Amino acid sequence: MNSLLPWIVLLAPLVSAAVITLFTRRWKMLSSSISIAAVLVSFICSCFIFAHGTQGAAEFMWISISGVFQVPLGLTLDQLSRTMAVLVSGVGAAIHIYSLGYMRDDEGKARYFAALSLFMFAMLGIVLANNFVMLFIFWELVGFTSYVLIGHWFYRDAAADAANKAFITTRIGDFGFMIGILMLWMATGSVVFTEVAPQMSTLTGHPMFLTVVALLIFCGAIGKSAQFPLHVWLPDAMEGPTPISALIHAATMVAAGVYMLARVAFIIQGSQTALLVIAWIGTITAVMAALIATQQNDIKRILAYSTLSQLGYMVMAVGLASNDAAMFHLFTHAFFKALLFLAAGSVIVMLHHEQNIWQMGGLSRKLPITFITFVVGALALIGCPPFSGFFSKDAILALAYERNTPIFAVALFTAFLTAFYVIRMLVIVFFGRPRSDIARNSRESPPVMTVPLIALALLATFGGFSFFARKFLALPVEREVAIVVPALAIVALIAGTGLAIALYGNRATEPLKDLELVRHKFYFDEFYNWLIYWTQELLAPVSAFVDRWIIDACAVGGSSRGTWGIGALLRLVQVGNLQGYVFVFGLGVVAVIYFAVFR
């Protein structure tokens with residue numbers, strides 16, 4: 001039975017999606033109940049597997065081609081995957097329950113929960129897959145289901161565009177990921193993680209090849225975890241329902257890239273060049289996203305850029321060759337970021353879907369539970385002791401301090417920016433006077449929404465002391481580092497907090513109006529639009545000309561017209577007259593005799 005339990009974790013959401021899609025789409029409450037029951041089954045089974053340390057699962061052979069290419073259907077049940085399964089299913093369960101309140105009046109509620117179940121199946125597949133082929137299939141399924149969920153309100157142009165943007169942008173990274181997997185299979189003859197790892201000696205003998213493979217695999221993480229320069233899709237993903245924003249930004253889709261890097265660390269850590277590139281990509285993403293967040297006015301977009309920045313920290317840790325620190329921050333971030341998004345969703349629903357922070361204000365008195373839980377999430381995000389973010393972020397800062405001083409300096413500046421934009425948001429949304437009628441008349445959300453907030457607030461508070469720290473953080477640091485790094489981090493926190501309060505306390509409008517470069521997100525979207533115009537838009541008419549006048553007119557059209565012409569000539573011979581046929585036959589006989597005699 002224990003060997004089948006991991007398959008129940010994986011397949012329960014798939015069964016839910018199938019049942020809702022095929023049988024219960026007309027009954028919204030039944031569909032949502034089935035979806036919630038399925039994710040709770042996955043969560044309970046994941047907890048059982050984690051508690052008992054289950055390490056084996058039934059395995060089946062899927063593809064076998066003459067011993068050259070073999071792909072099993074198997075699951076990985078090591079410490080990393082067991083803990084990640086608990087996290088994904090646990091946070092997913094909280095978001096499912098919260099969705100009952102947020103989506104209660106939505107016409108597409110059944111479709112929403114069907115897609116949500118399919119998303120959970122895909123994400124758990126990434127966590128549990130024991131080979132690259134299964135991983136890549138679930139990887140692509142996560143991309144498809146996120147496309148469906150981001151575009152849930154497809155009748156809105158912004159939502160449809162955001163879904164397309166997310167799907168297309170992540171495909172660019174996934175193409176590199178696929179090439180990297182193929183190159184790895186060519187070099188080792190296997191796609192199973194446990195079979196590839198022992199053959200790393202064959203790759204380390206060819207350092208250039210190994211670096212290329214590692215960076216191509218990293219391309220998948222650049223797309224899924226929205227790292228520079230493929231970061232542009234993640235903020236637009238806010239066009240989906242807020243629970244989906246929480247799901248994508250917390251423990252699932254964007255975390256998949258970091259988890260994948262930790263899973264294949266035996267490949268990446270074989271190349272110092274790849275590690276350095278990964279570390280700097282994460283660092284650039286962290287500081288760039290934090291700068292952009294300081295000038296955003298949409299509450300969900302502020303949190304979206306915050307996610308980009310925190311993912312940058314995680315990728316930075318991977319590049320500094322510490323998967324423990326990266327995964328530790330991934331776990332704590334899952335709690336406080338899910339909390340912040342769901343608390344933001346509580347604000348948005350109670351303000352009739354208003355998302356502009358300058359239309360809020362004074363909500364601490366109107367939404368007390370939402371306010372308290374939001375503050376907890378905010379303090380964890382900015383790394384305030386003793387909240388969970390303090391421990392995990394400081395672990396990454398300590399790594400950078402010991403291993404790369406320039407990266408440490410940028411990471412510390414990012415911590416200052418994080419405190420600044422988070423406190424800015426907190427001050428504008430919850431303090432001062434209400435700036436609109438909907439803010440004046442708002443009230444607290446129902447228990448189905450506030451109870452998950454309280455549960456996540458507890459995890460965001462105590463997650464730093466939990467088993468995640470004991471299991472994943474084994475980073476020996478010198479006494480100097482243990483004192484200096486937290487001290488500098490707290491100084492950055494106090495400086496950012498103080499500056500935000502000084503600038504935004506009792507403000508009705510944005511005081512920093514000249515930061516156009518930051519406000520327009522460093523014009524990345526405009527640059528990509530320009531690039532597409534001068535490449536795809538110019539190439540399209542050239543391709544159309546070649547297709548219409550060369551391929552169609554000459555190759556396809558010419559051959560078809562030539563065939564038609566020969567057929568027309570032959571039709572002239574087919575006159576349907578017996579005497580005519582006899583005459584032609586006679587001419588043929590004469591011609592044969594002539595060539596036989598006079599050749």
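Heavy atoms only: backbone and side chains are in, while hydrogens, waters and symmetry mates are out. Everything quoted here is computed from the prediction, not taken from an experiment.
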May I have the step-by-step check of side chain to side chain donor-acceptor pair (under 3.5 Å) for S306 and K337, ending in yes or no? CA-CA 9 Å; S306 169; K337 188 52 61 68; 3.0 Å; yes
Does K300 form a salt bridge (charged side-chain N to carboxylate O under 4.0 Å, His left out) with E239? I'd like the steps, not just the answer. CA-CA 9 Å; K300 287 175 65 177; E239 295 296 336; over 6 Å; no
For the pair S31 and T24, evaluate side chain to side chain donor-acceptor pair (under 3.5 Å) and give the outcome as yes or no after the intermediate values. CA-CA 6 Å; S31 296; T24 67; 3.1 Å; yes
Residues W185, F69; criterion ring pair (Phe, Tyr, Trp, His ring centres under 6.0 Å); working and verdict: CA-CA 9 Å; W185 169 68; F69 183 65; 5.4 Å; yes
Chi angles and distances behind the side chain to side chain donor-acceptor pair (under 3.5 Å) call for Q199, T188: CA-CA 6 Å; Q199 300 186 55; T188 63; 5.0 Å; no
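By the 4.5 Å heavy-atom criterion applied to side chains, L210 and I267 are counted as neighbours. With a 4.5 Å cut-off on side-chain heavy atoms, N131 and L73 do not count as touching. A heavy-atom distance below 4.5 Å is not found between the side chains of L203 and V213.
Closest approach of P72 and V192 over heavy atoms only: CD-CG2, 3.7 Å. Among all heavy-atom pairs drawn from L80 and M327, the shortest one is CD1-CE, 3.5 Å. Closest heavy-atom contact between G312 and Q227: CA-OE1, 3.6 Å. Considering all non-hydrogen atoms of both residues, A460 and S388 come closest at O-OG, 2.8 Å. Smallest separation of non-hydrogen atoms from V376 and A457: CG1-O, 3.5 Å. Smallest separation of non-hydrogen atoms from A326 and V258: CB-CG1, 4.3 Å.
With a 6.0 Å radius and a threshold of 12 heavy atoms from other residues, nucleotides or ligands, M186 has its CE atom at or below the threshold.
For the residue pair S346 and S445, a side-chain donor N or O sits within less than 3.5 Å of a side-chain acceptor on the partner. At a cut-off of 3.5 Å, with distance as the only test, no side-chain donor of T273 or T211 sits close to an acceptor on the other residue.
Every pair passing side-chain hydrogen bond (donor to acceptor under 3.5 Å, both in side chains) that includes a residue from residues 257-266 is listed here, sequence neighbours excluded: D78-R263, Y259-R263.
Checked against side chain to side chain contact (heavy atoms under 4.5 Å, CB included), F266 has the following partners two or more places apart in sequence or in another chain: V196, A197, M200. With sequence neighbours excluded, the residues satisfying side chain to side chain contact (heavy atoms under 4.5 Å, CB included) with S16 are I20, I34, S35, A38, S117.
Side-chain atoms of R82 come within 3.5 Å of backbone atoms of L77 as a donor-acceptor pair (strictly under, hydrogens ignored).
For the pairing with F138, the ring-ring contact (aromatic ring centres under 6.0 Å, His included) check across F121, F119, F132 returns one residue only, F121.
Within the cation-pi definition used here (under 6.0 Å to the ring centroid, within 45° of the axis), R104 does not qualify as a partner of Y102.
Taking the six-membered ring wherever Trp is involved, the centroid distance between the rings of F336 and F387 does not fall below 6.0 Å. If you look at W7 and F60, their ring centroids are closer than 6.0 Å.
The pair D174-R171 counts as a salt bridge, with a side-chain nitrogen and a carboxylate oxygen less than 4.0 angstrom apart. A salt bridge links R301 with D236: at least one charged nitrogen is closer than 4.0 Å to a carboxylate oxygen.
From W139, atom CH2 reaches atom CD1 of I181 across 9.0 Å, with rounding to the nearest 0.5 Å.
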